[in-house]
Number of protein chains: 2
Amino acid sequence: MLKAKVYVTIKQSVLDPQGVAVQGALHSIGYKEVESLRIGKYMELELNTDNRDEAEQRVKEMCEKLLANTVVENYRYELEG
Amino acid sequence: MLKAKVYVTIKQSVLDPQGVAVQGALHSIGYKEVESLRIGKYMELELNTDNRDEAEQRVKEMCEKLLANTVVENYRYELEG
């Protein structure tokens with residue numbers, strides 16, 4: 001059993017209105033030091049396999065095909081266990 | 001300038017319907033090895049301060065007050081830079 005942690009972030013050139021809204025909310029309750037805030041996704045997958053090389057390849061495919069929209073998002077992942 | 005990375009995850013005892021849906025989608029395109037999938041949030045904050053101890057304390061407060069719903073979510077964070 002392997003565990004994959006996938007991080008999907010919005011590309012720097014793409015607007016993140018959700019992040020802007022949360023940043024505004026933090027400012028309004030006194031956290032003025034927040035210069036920027038961007039929100040992405042964090043996914044934990046449990047994989048029923050012990051073949052690390054194959055898992056690496058297949059998680060990359062899952063990201064490309066479904067977990068990230070590579071037009072506007074970047075992704076990275078780590079395998080554990 | 002410090003950078004904070006905040007990870008917000010749904011508690012183990014709480015259902016994650018979005019994760020279940022994505023897991024189903026992965027199964028349907030052939031990734032049957034995905035035993036479980038849970039989706040959380042990943043936030044990157046730029047903080048206009050160099051006081052690491054204070055920043056640590058204030059990011060914790062931001063998580064408690066706004067970034068995470070501690071009834072159903074866990075959070076952790078890292079400071080960099």
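Every chain is numbered from 1 and lettered A, B, ... according to where its sequence line falls, protein lines coming before strand lines.
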Just distance, no hydrogens or angles: give the donor-acceptor pairs under 3.5 Å from side chains in residues 10-22 of chain B, sequence neighbours left out.
unit_1, atom_1, unit_2, atom_2, d
B:Lys11, NZ, B:Thr70, O, 2.9
B:Lys11, NZ, B:Val71, O, 3.4
B:Asp16, OD1, B:Gln18, N, 3.4
B:Asp16, OD1, B:Gly19, N, 3.1
B:Asp16, OD2, B:Ile39, N, 2.8

Set of residues satisfying side chain to side chain contact (heavy atoms under 4.5 Å, CB included) with respect to A:Arg52, sequence neighbours excluded
A:Leu2, A:Leu79

In the structure I gave you, are the side-chain heavy atoms of [X] and [Y] within less than 4.5 Å of one another anywhere?
X       : Y       : value
B:Glu33 : A:Met62 : yes
A:Leu67 : B:Leu26 : yes
B:Glu35 : A:Met1  : yes

Reported [atom1]-to-[atom2] distance for the pair [X] and [Y], which is rounded to 0.5 angstrom:
X       : Y       : atom1 : atom2 : value
A:Glu44 : B:Leu37 : CD    : CG    : 9.5 Å
A:Leu66 : B:Ser28 : CG    : OG    : 8.0 Å
A:Tyr42 : B:Arg76 : OH    : CZ    : 4.5 Å

Give the cluster check for [X] versus [Y]: same hydrophobic cluster or not, with ILVMFWY residues linked at side-chain heavy-atom distances below 4.5 Å.
X       : Y       : value
A:Ile29 : A:Val34 : yes
B:Tyr77 : B:Met43 : yes
A:Val6  : A:Leu47 : yes

Contacting region of B:Leu45 [heavy-atom separation from chain A under 4.5 Å]:
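It is both, since atoms from each part get that close.
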
Please look at B:Glu61 and chain A and tell me whether the side chain, the backbone, both or neither of the residue comes under 4.5 angstrom of a heavy atom of that chain.
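Contact with chain A is through both the backbone and side chain of B:Glu61.
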
Which heavy-atom pair separates B:Lys65 from A:Tyr31 by the least distance, and what is that distance?
NZ-OH, 3.1 Å

Closest non-hydrogen contact found for B:Lys32 with A:Arg58 is N-NH2, 4.5 Å

Chain B interface, residue from A:Gln23, A:Lys41, A:Glu46, A:Arg38 that has the most non-hydrogen pairs under 4.5 Å
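Looking at each option in turn, the highest pair count goes to A:Glu46.
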
